[in-house]
Amino acid sequence: MASIKQALISVSDKTGVEVFARALADRGVKILSTGGTAKLLREVGIQCRDVSDYTGFPEMMDGRVKTLNPKVHGGILARRDNEGDLASMAEHGIEQIDLVCVNLYPFREAVAKDGCTIDDAIENIDIGGPCMVRASAKNHKFVTIVVDPSDYEMIIHSIDADSLNEEIRRGLATKAFAHTAAYDGAIANHFSALNTDGSKRKFPDIFTRQFIKTADELRYGENPHQDGAFYADIEDEGLSLADCEVLQGKALSYNNIADADAAFACVRDFSDNAAVIVKHANPCGVAVGGSQEEVYERARAADATSAFGGIAAFNRPLEVEAAKLIAETFMEVVIAPGFSEAAREALAAKKNLRLLLAPSVDAVSGGWEFKRVNGGLLVQERDAHILDRDACRVVTERAPTEAEWNDMLFAWSVAKHVKSNAIVFAKNGTTLGVGAGQMNRVNSTRIAAFHGGDAIIGSAVASDAFFPFRDGVDALADAGAKAVIQPGGSMRDDEVIAAANEHGLAMIFTGIRHFRH
């Protein structure tokens, strides 16, 4: 194993650096440092040498130039088994630098601040740091590069165990290259979104994003003959499926993750106790209000056939009563912000059932979402819109009752998560029929009505987009619905409203649609 005799430490994120530097010093490692890092280390009694003293050149140009020196990069890049490199080091008084601990100026944080100017952004572009990181990673056969404070403890343990081998250094080098790639990507994203006056466009001309594989490859992709993997978006805003922990069950498949994501996104839109069951990316049963046991039972009963083999999501920690109901039938995945010990025990016999522990159920936040198409990438803002009842408009002669308002708003929240064309019948906080992904809205209405049967008499209906003709309204009225919420905006709105009046329906316009493809 290569020994570590000298380390260079220069970090922007100083989390844990005192403990790390002290541990190195206690093991006889000499420390080189710069600027604020050197000041911090000395303040806590850790001896270190300024890089400027080592190189013979002072930090200059407001700190822009401090480590860009052959005595630094020669000490990092020299191949310890190359006689020519060693001779050059001896000739020019270059010392070996065996470990480099560097992380970079907080560019993303700086440009995210209100009022950040072009000059501010430029001054937060690190130059010396990425050079040292890349040099160290290139020469990882001999040099250990550390960019992540979470690796400090492992490094010290490996030194003590004399196990800091080339394989570990290669893994650290890979992380280092990813670190600089993400950093450069953030810079390119920012500057390619700037207008000539310094104002910023929402979408950059050059788009770079980094995704990290979360675990071993998935069992398979959409189908068993397709391989698949799950990558986490390190820049994603808010809570995501990548933050969840698998507590039990066999490996997840591509479809499991896609469906669990859909279920989790839907259940997070409700503040009351809620249960959502998803099958093939669409909610097939949703219920809110009442005990957890009750809402799950109602959600499952909404379409028991489709619920078989589905994904169940909850916005409260799973308790034993609901767990026992889940155990009665075949489910693929259960996701919740907690599982009681009794619930875990009730589901333990279901060895293949995956339990996903979510850290919380915060509402879906903003940020971007992506869809890959052949030859490119579609990028859009995430649909995090929550409907304000006061923004809705009653357009029919009959105004809805308070109960109909509640049913419409509930159905609207569900329809947001149903593939378009989406129609949702609901009553008393429970979906009764869901029509999803049809090529026309009338067929979606008929399918939803078929699933609901006689139960939809007196129900409310949500449509994710406007009714282009009155035939959709005629269909839902014939099925027994009494109220409908839709965006409005059709050229034939007058015809659609007239149909609603003929049937005695209450109709609400939201002014916003929720297409989901």
Side-chain angles (χ1 to χ4, degrees), residues 269 282-283 286 288 302 383 385-517:
D269 268 357
N282 285 295
V286 182
V288 298
D383 186 358
H385 184 269
I386 300 296
L387 185 64
D388 180 359
R389 172 171 166 169
D390 293 338
C392 298
R393 183 163 57 98
V394 179
V395 296
T396 48
E397 296 169 357
R398 185 174 79 79
T401 66
E402 192 63 22
E404 288 170 342
W405 263 112
N406 291 336
D407 286 337
M408 282 191 292
L409 294 174
F410 166 70
W412 179 259
S413 293
V414 176
K416 172 184 171 183
H417 299 277
V418 177
K419 297 282 189 180
S420 190
N421 290 304
I423 295 290
V424 177
F425 287 79
K427 189 175 182 181
N428 297 328
T430 306
T431 57
L432 303 175
V434 178
Q438 299 305 301
M439 283 65 75
N440 67 73
R441 202 157 294 278
V442 177
N443 280 348
S444 285
T445 304
R446 290 170 177 160
I447 289 170
F450 171 77
H451 282 296
D454 291 340
I456 64 177
I457 296 172
S459 64
V461 177
S463 174
D464 67 336
F466 63 64
F467 289 95
F469 303 97
R470 65 169 289 161
D471 51 3
V473 175
D474 292 333
L476 63 89
D478 290 344
K482 294 300 182 184
V484 58
I485 186 169
Q486 58 131 324
S490 168
M491 293 176 59
R492 296 178 178 82
D493 272 349
D494 290 344
E495 176 184 320
V496 171
I497 294 169
N501 284 329
E502 287 177 24
H503 294 293
L505 296 177
M507 182 176 284
I508 302 300
F509 279 7
T510 65
I512 189 167
R513 78 177 191 194
H514 284 300
F515 271 172
R516 181 167 175 258
H517 288 81

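We number each residue from 1, following the sequence as shown.
- When every heavy atom of Ala399 is checked against every heavy atom of Val394, the shortest pair comes out as CA-CG1, 4.0 Å.
- Rounding to the nearest 0.5 Å places CE of Met408 at 8.0 Å from CZ of Arg389.
- Residues Val473 and Val484 are not in side-chain contact: their nearest non-hydrogen atoms beyond the backbone lie 4.5 Å or more apart.
- Within a 6.0 Å sphere centred on CZ of Phe515, heavy atoms belonging to other residues, nucleotides or ligands number more than 12.
- The minimum heavy-atom distance linking Ser463 with Ala465 is given by the pair OG-O, 2.6 Å.
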* **Test side chain to side chain contact (heavy atoms under 4.5 Å, CB included) applied to Arg398 and Glu404, step by step** => CA-CA 12 Å; Arg398 185 174 79 79; Glu404 288 170 342; 3.0 Å; yes
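- A side-chain contact (heavy atoms from CB on, under 4.5 Å) with Phe467 holds for exactly one of Ile497, Val442, Ile423; it is Ile423.
- No more than 12 heavy atoms of other residues, nucleotides or ligands lie within 6.0 Å of NZ in Lys482, so this atom counts as exposed by the packing criterion.
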* **Val424 and Val418: CA distance, side-chain angles, deciding distance, side chain to side chain contact (heavy atoms under 4.5 Å, CB included) verdict** => CA-CA 9 Å; Val424 177; Val418 177; 4.1 Å; yes
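- Asn428 CG to Asn406 CG: the interatomic distance, rounded to the nearest 0.5 Å, is 9.5 Å.
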* To do: Give the C-alpha distance, both sets of side-chain angles, the deciding distance and a yes or no for side chain to side chain contact (heavy atoms under 4.5 Å, CB included) between Arg470 and Glu502.
  => CA-CA 11 Å; Arg470 65 169 289 161; Glu502 287 177 24; 3.0 Å; yes
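- Rounding to the nearest 0.5 angstrom, the gap separating the CG atom in Leu476 from the CG atom in Asp471 is 10.5 Å.
- We find the CZ-CZ distance between Arg441 and Phe469 to be 12.5 Å, quoted to the nearest 0.5 Å.
- One N or O on the side chain of Arg516 and one on the backbone of His417 form a donor-acceptor pair closer than 3.5 Å.
- Within a 6.0 Å radius of CG in Asp454, no more than 12 heavy atoms belonging to other residues, nucleotides or ligands are found.
- When atom types are taken as modelled, the side chain of Lys427 and the backbone of Ile457 share a donor-acceptor pair closer than 3.5 angstrom.
- A donor-acceptor pair is defined here as one N or O able to donate and one able to accept, closer than 3.5 Å; such a pair exists between the side chain of Ser444 and the backbone of Asn421.
- With rounding to the nearest 0.5 Å, the separation of CD in Gln486 from OG1 in Thr510 is 7.5 Å.
- Closest approach of Ser490 and Phe466 over heavy atoms only: CB-CD1, 3.5 Å.
- Considering only heavy atoms from C-beta on, Leu387 comes within 4.5 Å of Leu409 through its side chain.
- No donor-acceptor pair under 3.5 Å is formed between the side chain of Asp493 and the backbone N or O of Gly488.
- Heavy atoms only, all atoms of each residue included: Thr445 and Ala475 are closest at CG2-CB, 3.8 Å.
- In this structure, Leu432 and Ala455 approach most closely via the heavy-atom pair CD1-O, 3.3 Å.
- Glu397 CD to Asn501 CG: the interatomic distance, rounded to the nearest 0.5 Å, is 3.5 Å.
- The nearest pair of heavy atoms linking Ala460 to Asp407 is CB-CB, 3.6 Å.
- In this structure, the side chains of Phe425 and His451 stay at 4.5 Å or more apart for every pair of heavy atoms.
- Considering only heavy atoms from C-beta on, Arg446 stays 4.5 Å or farther from Asp478 through its side chain.
- Formation of a donor-acceptor pair under 3.5 Å by the Thr431 side chain with backbone atoms of Val286 is found in this model.
- Looking at Asp464, its side chain never comes within 3.5 Å of a backbone N or O of Ala415 through a donor-acceptor pair.
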